[in-house]
Amino acid sequence: MEQHDFIVTDIRGDYAYLKQTDANVAEPFQVALALLPPETDIGTKLRGFMGMFEIIDQIPLF
């Protein structure tokens with residue numbers, strides 16, 4: 001497996017929707033917020049590898 005970069009496009013209830021940014025993948029996919037770092041919010045850029053995610057950048061919302 002290889003690592004991929006994602007951006008959080010939406011949060012609904014207990015789930016975040018991630019769009020892969022390092023490949024041509026059209027649809028965001030759903031991930032439980034419990035699996036993401038606690039600071040995760042809409043616009044957060046994540047790097048994921050084997051089901052583990054780390055924040056690589058956060059875009060301020062305000």
Side-chain angles (χ1 to χ4, degrees):
M1 293 209 91
E2 57 188 76
Q3 68 183 14
H4 293 285
D5 293 344
F6 305 92
I7 189 164
V8 179
T9 59
D10 195 11
I11 294 177
R12 294 184 209 153
D14 292 334
Y15 295 93
Y17 291 82
L18 307 182
K19 180 159 176 52
Q20 191 170 339
T21 59
D22 62 353
N24 191 14
V25 178
E27 292 295 317
F29 68 96
Q30 180 177 315
V31 176
L33 279 171
L35 298 175
L36 302 177
E39 304 85 15
T40 300
D41 204 349
I42 295 171
T44 301
K45 293 181 182 179
L46 302 166
R47 181 159 292 142
F49 178 70
M50 295 184 67
M52 297 180 1
F53 296 90
E54 66 177 344
I55 293 176
I56 55 174
D57 192 19
Q58 277 190 301
I59 300 169
L61 296 177
F62 301 102

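As a basis for the values below, the full set of heavy atoms in this structure was taken, side chains included, without hydrogen atoms, waters or symmetry mates.
The distance from atom CZ of Phe53 to atom CD of Gln3, rounded to the nearest 0.5 Å, is 12.0 Å. One finds the OG1 atom of Thr40 at 5.0 Å from the CG atom of Leu46 (value rounded to the nearest 0.5 Å). Atoms OH and CG, on Tyr15 and Leu35 in that order, are 9.5 Å from each other to the nearest 0.5 Å.
Across all non-hydrogen atoms, the minimal contact from Pro37 to Glu54 is CG-CA, 4.2 Å. Closest approach of Tyr17 and Gln30 over heavy atoms only: OH-OE1, 3.1 Å. When all heavy atoms are compared, the tightest approach of Ile11 to Asp41 is CD1-CA, 3.9 Å. The two atoms that bring Gly13 and Leu33 nearest to each other are O-CD1, 3.6 Å, heavy atoms only. Closest of all the heavy-atom pairs between Asp5 and Arg47 is OD1-NE, 2.7 Å.
The hydrophobic cluster containing Leu36 does not contain Met52, counting ILVMFWY residues as joined when their side-chain heavy atoms lie under 4.5 angstrom apart, directly or transitively.
Asp57 places no side-chain N or O within 3.5 Å of a backbone atom of Lys45 that could act as its donor or acceptor partner.
Side chains of Leu18 and Ile7 form no contact here, defined as non-hydrogen atoms less than 4.5 Å apart.
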